Every structure is written in C-alpha cells, then in structure tokens.
Chemist: 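Supplied in structure tokens, the structure appears directly below.
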Amino acid sequence: MTIGVLALQGAFIEHQKMLKQLGVDSFQIRKANQLDQPMDGIILPGGESTTMYRILKDLNMVDKLKTIIESGLPTFGTCAGLLLLAKTVDNYKSDYLQTMDIEAKKNAYGRQLGSFKAVGKFNNSKDIPFVFIRAPYIVKVEKGVEVLARVDEKIVAARQENQLVTAFHPELTDDLTIHQYFVDMINNK
Amino acid sequence: MNKRYELNKELAQMLKGGVIMDVTNAEQAKIAEEAGACAVMALERIPADIRAAGGVSRMSDPKLVKEIQKAVTIPVMAKVRIGHFVEAQILEALEIDYIDESEVLSPADNIYHIDKTKFKAPFVCGAKNLGEALRRIEEGAAMIRTKGEPGTGDVIQAVIHMRQIQAEMRRMTSLSEDELFNEAKNLQVPYELLKYVKENGKLPVVNFAAGGVATPADAALMMQLGAEGVFVGSGIFKSGNPAKRANAIVKAVTNFDDPKILAEISEDLGEAMVGTNEEEINLLMSQRGE
C-alpha cells in the first residue's frame, strides 16, 4: 500500500511518520505530475488552507486532485485538509475543492490562545487524544455523511464514502487509531 | 511539559514549509495572504525602514495589530523588544498568535530575555548558533529563526547562521555521552536540550530562516540548507511588484529542490529590493541579545 501526502505546506512529515509506524509507504506530492503516480489513498495535511489552495491553483493541481477524489480515491483531510474538502465554509468565501457535503467553520475556536487538547471517542473507540490548533469544526453535515467524533457537541470528525476528515491533528499524537481507520478504509474499499 | 507549550510548538509545525511575511497595514496583509503567506508579521515599519529612520523602534501600535487581525484569517504575529515583557503582555492581551522577541527592534534589556514560560502566547526568537537557540528554547521559545541581517536584502548572514546551527547539530550527534556534559557547559545550555539534539539531530522546535531573504532563489537556498520555512521582511514590500514576488517566494519554498520550477517562478518579478551589503551598514542587529 502506498499513500500520497500533499506536501505543499504544513505538517505533512508528521503524517508520513504515522504511516511508517503502520508499515505503510508514503510519498510527497508537491507538483501536478506527482498526482499521476499510483497511490491507494491521499492525505491532505494540516497547515494553512489559503496557502495550500493558492499553490494548488498556481501549479494547476486543482482539477486533477478533484477528479481523483471524486473518482473514489480514499482521502483523509486534517484541519486545513478538512477545509479544503468542505463544500462550504460558513465564515469564509471558500472556492476550495468542495468535494465533501459538510459545512465547516474556519478558526472556529478563535486564535492560538483558543487552541486546546481534549480526549474523546472516535467511531466508538476508547478515549484517544485530540489536538486542536486554530482548528475548524463542522457546523453541519448533509445526508450520507457519518459523524465519527464530537467534542462539546461540535462535530470534529466525519466520513462520506471515500472521504475522511478530522478538525484535529491525530498526526501530532502517539495514537494510531485514526490512521489505522484510514488504512482500513483503503483495505475495505 | 505543559500542554500550552506543546500546543505552541505544534502551531509552528503547522507553519512549516511556509512563508511568514512582514506587513505594515491591513492592505499589505491581504496581499500577503492572497499570495499564499502562512502567517503575517504586523509591524509599523519594515526593517529596511527601521534602519533608515534610526532612533528607538518599539512594539507596534495595538490598533495596527487589531486592523491586521481583522483583515486576514491566517496567524498574525508581532514583535516585541528583547527583554520587554510588558510589550509581550500587551500583545498577549490582543490574542496575538505568535510573539517575536526580536533584535530588529531596539533591545529593552541588555542582559535578560523575556521569561517566556510565563506566557500563554507562543514566542519565536532569533539565533546565530546552537547555544543561542537552546538558551532561547530553555527560556520558553516555541520556535526558532536565524537572525540573519534584517532589512539588508543580503542573505549572507542568514546563510552563516543556518550553516552554523546545522553544523553544530551534526557535531552533537557524534559526541559521546560524557563529552556532551562538557559541551553543555561550553555552550551554556541545559544538558537535557543538548541530549535531545544529539539523539534527534535537530532542534526540539521548528527552525525557520530569516534576515535578508529577497528572492525566490534566496528562499530555496535557505530551505536546501535545512530551514523548515522562511520569514521575509523587507524583501517583499520594498520590491517592484510585491504580490508577484511574494507568491513566487511561497512557491519557491514548496518546490525548493526543483530548479526547473524555480527558474519559471523567478522570471520577470520586477525589481528586487536594492538592499545594502552587510559591510556597508553600521548597525548589526544580529549582535543584539546573545
């Protein structure tokens, strides 16, 4: 199994380290032709969504990326990655990839002083650590989207068929639950 | 390690592979965000103008910081004078995303840096060598940048500092445990931090390049030398076409190891900042705060 990790900006190495612990190969995607390489899944990491989307546009990667996600490639977005996939962002005029039927709120917990750590259940798991860094959350989901985690009632993880998103950063913890869930998604495809 | 410090180090991890740009008003902040900056640094004057104006330079007017915070959704940073913990308290009250305890401003204290462990807001500090970097981290810095020589458009000092830090870290990885105790003494740094460097070959926090970056090639040079991201100060808004240059530098940091892309984005950027050679300047800001 090989997973491509979008490496335009942000915490992509952290995802690669998690995958390595699961014995999964990964490679970095920094330009359009790297989207043509064979891969079993793709990760859109945390970082700044405005930065990533500007680079995606400039390097002519938007249409290609949208096409491979819409064609069913297992896709995992964390934080900024969630915003890139969300159909709408309620407090920001988003023209991002918009492939997932969720409405997100950007910087939903405020600035850095609002960043926090919590523990919670993901898809009925045991309690696992959630790290929120200037994080978004999901305001609402449309039909066909499964809610996988909540913190204080707010939706912070969800899945729609091949697309998995978390508002928090599992790649910043030692807990492999969510990366394992993504690998299982690929295996059960 | 307390949770707040971890979260602050982790915000720096999210900035990696990005460009942090100096801006002096809301309009420039919007240009920077649109060009792909991963954060902006709110300043009343960019370093080149601080040099030109002379006199004492201080923390920005909170009004300016608030205007810039309103204008963009990316993180907003601002500078305080070395040792000026009250300026830092004020920025924290404004809910700033990162505080730069910076040699670009006039130092407020010639001995003590701010005790950054007392703050919830994260700090980034400049360093010329491994000793300075680890001392700042011990004081609570959650991110390090090279000092370089700000406001010059001359990358040589940033190169020297990045090479110095990287070379010292490589040397640490080859030391034996007992040699490490003596090295901690020589560098005047805590043994535990040095042990982390020995075991991991890197700093325990994210390390950016700063000070004199003016072109996409400069930014890519710093990335190839081991920087995890780049600060650009005067280089953008002192150039002929700020939006285009800013965007080119963003792409240069992403594809720092692809000369073909670097060639494309370096084309037709208009005039670069004129700059000053380091031997032409009287004030070496990097000597401030060791």
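Chain A is the first sequence line, chain B the second, and so forth, proteins listed ahead of strands; every chain is numbered from 1. A quick note: this is a predicted structure, and the numbers were derived from the prediction, not measured. Values reported hereafter were calculated over all heavy atoms of this structure, with side chains retained and with hydrogens, waters and symmetry mates removed.
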Chemist: Under a 4.0 Å threshold between the charged nitrogen and the carboxylate oxygen, would A:Arg54 count as salt-bridged to B:Glu33?
Modeler: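 Here B:Glu33 does not pair with A:Arg54 in a salt bridge, since their nearest N and O are not under 4.0 Å apart.
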
Chemist: Can you tell me how far the CD atom of A:Gln112 sits from the CD1 atom of B:Ile99, to the nearest 0.5 Å?
Modeler: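 CD1 of B:Ile99 is found 11.0 Å from CD of A:Gln112.
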
Chemist: Is B:Ile261 close to chain A through its backbone or its side chain, or both, or neither, when contacts mean heavy atoms under 4.5 Å?
Modeler: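 Only the side chain of B:Ile261 comes within 4.5 Å of chain A.
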
Chemist: Could you tell me which portion of A:Gln28 (side chain, backbone, both or neither) has an atom closer than 4.5 angstrom to a non-hydrogen atom of chain B?
Modeler: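 For A:Gln28, no heavy atom lies under 4.5 Å from chain B.
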
Chemist: Of all of B:Gly36, B:Pro75, B:Ala37, which one pairs up most often with chain A through heavy atoms under 4.5 Å apart?
Modeler: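 The candidate making the most pairs under 4.5 Å is B:Pro75.
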
Chemist: Go through the atoms of B:Asn8 and report whether side chain, backbone, both or neither lie under 4.5 Å from a heavy atom of chain A.
Modeler: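 Both backbone and side chain of B:Asn8 come within 4.5 Å of chain A.
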
Chemist: Under 4.5 Å, counting heavy-atom pairs only, tell me which of B:Lys120, B:Glu92, B:Glu34, B:Glu264 racks up the most with chain A.
Modeler: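 With the most close heavy-atom pairs to chain A, the winner is B:Glu34.
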
Chemist: Quick check on B:Phe256 against chain A: is it the side chain, the backbone, both or neither that has a heavy atom closer than 4.5 Å?
Modeler: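 The side chain, not the backbone.
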
Chemist: Taking the side chain as every heavy atom from C-beta outward, state whether B:Thr254 and A:Thr51 have any atom pair closer than 4.5 Å.
Modeler: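 The answer is no; the side chains never approach within 4.5 Å.
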
Chemist: Tell me, please, which residues at least two apart from B:Asp258 pass side chain to side chain donor-acceptor pair (under 3.5 Å).
Modeler: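 Per chain and number, B:Asp258 pairs via side chain to side chain donor-acceptor pair (under 3.5 Å) with A:Lys31.
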
Chemist: Just checking B:Lys66: does its NZ atom have more than 12 heavy atoms from other residues, nucleotides or ligands closer to it than 6.0 angstrom?
Modeler: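 Check fails, neighbour count at 12 or below.
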
Chemist: Please check this pair: side chain of A:Arg111 against backbone of B:Val76, looking for a donor-acceptor N/O pair closer than 3.5 Å.
Modeler: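 Looks like no, no N/O pair under 3.5 Å.
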
Chemist: Hey, could you give me the CG/NZ distance between A:Leu8 and B:Lys251, rounded to the nearest 0.5 Å?
Modeler: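 Rounded to the nearest 0.5 Å, the CG-NZ separation comes out at 11.5 Å.
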
Chemist: Select, from A:Leu59, A:Asp58, A:Ile55, the one with the greatest count of heavy-atom pairs under 4.5 Å involving chain B.
Modeler: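 Heavy-atom pairs under 4.5 Å are most numerous for A:Asp58.
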
Chemist: So does A:Asp95 have more than 12 non-hydrogen atoms from other groups sitting under 6.0 Å from CG?
Modeler: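 Yes - once you tally the heavy atoms of other residues, nucleotides and ligands closer than 6.0 Å, there are more than 12.
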
Chemist: Does NZ belonging to A:Lys140 count more than 12 external heavy atoms closer than 6.0 Å?
Modeler: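 Atom NZ in A:Lys140 is not packed in, count stays at 12 or less.
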
Chemist: Counting only heavy atoms not in A:Tyr96, do more than 12 sit closer than 6.0 Å to its OH atom?
Modeler: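 Enclosed: over 12 neighbouring heavy atoms sit under 6.0 Å from OH of A:Tyr96.
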
Chemist: More than 12 heavy atoms of other residues, nucleotides or ligands under 6.0 Å from CD of B:Glu199: yes or no?
Modeler: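 It does: B:Glu199 CD has more than 12 such atoms within range.
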
Chemist: Between the side chain of A:Asn107 and the main-chain N/O of B:Thr73, is any donor-acceptor distance below 3.5 Å?
Modeler: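 Pair found, side chain donor or acceptor close to backbone of B:Thr73.
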
Chemist: Please indicate whether A:Glu146 has more than 12 foreign heavy atoms, meaning atoms of other residues, nucleotides or ligands, lying under 6.0 Å from its CD.
Modeler: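 Counting neighbours around CD of A:Glu146, more than 12 heavy atoms of other residues, nucleotides or ligands fall under 6.0 Å, so yes.
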
Chemist: Less than 4.5 Å to any heavy atom of chain B: does that hold for the side chain of A:Ala80, its backbone, both, or neither?
Modeler: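 The answer is neither part of A:Ala80.
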
Chemist: Look at atom CG of A:Asp63 and say whether more than 12 heavy atoms of other residues, nucleotides or ligands are closer to it than 6.0 Å.
Modeler: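 12 or below, so no.
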
Chemist: Given A:Leu172, which of B:Lys9, B:Gln13, B:Glu6 fulfils the side chain to side chain contact (heavy atoms under 4.5 Å, CB included) condition?
Modeler: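 Going through the options one by one, the only one that passes is B:Gln13.
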
Chemist: CG of A:Asn124: more than 12 outside heavy atoms within 6.0 angstrom?
Modeler: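 Count not over threshold, so no.
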
Chemist: I want to check something: taking the side chain as every heavy atom from C-beta on, are A:Glu48 and B:Met14 in contact at a cut-off of under 4.5 Å?
Modeler: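 A:Glu48 vs B:Met14: side chains apart.
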
Chemist: Over all heavy atoms of both residues, which pair between A:Ser115 and B:Arg4 is shortest? Give the atoms and the distance, please.
Modeler: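 Of all heavy-atom pairs spanning A:Ser115 and B:Arg4, the closest is O-NH2, 2.8 Å.
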
Chemist: Do B:Glu10 and A:Arg134 sit within salt-bridge range, that is, some charged N less than 4.0 Å from a carboxylate O?
Modeler: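 No, B:Glu10 and A:Arg134 are not salt-bridged.
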
Chemist: For B:Lys16, does its backbone N or O pair with a side-chain atom of A:Gln9 as donor and acceptor, under 3.5 Å?
Modeler: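 Yes; at least one donor-acceptor contact below 3.5 Å.
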
Chemist: What distance separates B:Lys3 NZ from A:Phe116 CZ, expressed to the nearest 0.5 Å?
Modeler: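 The distance works out to 10.5 Å.
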
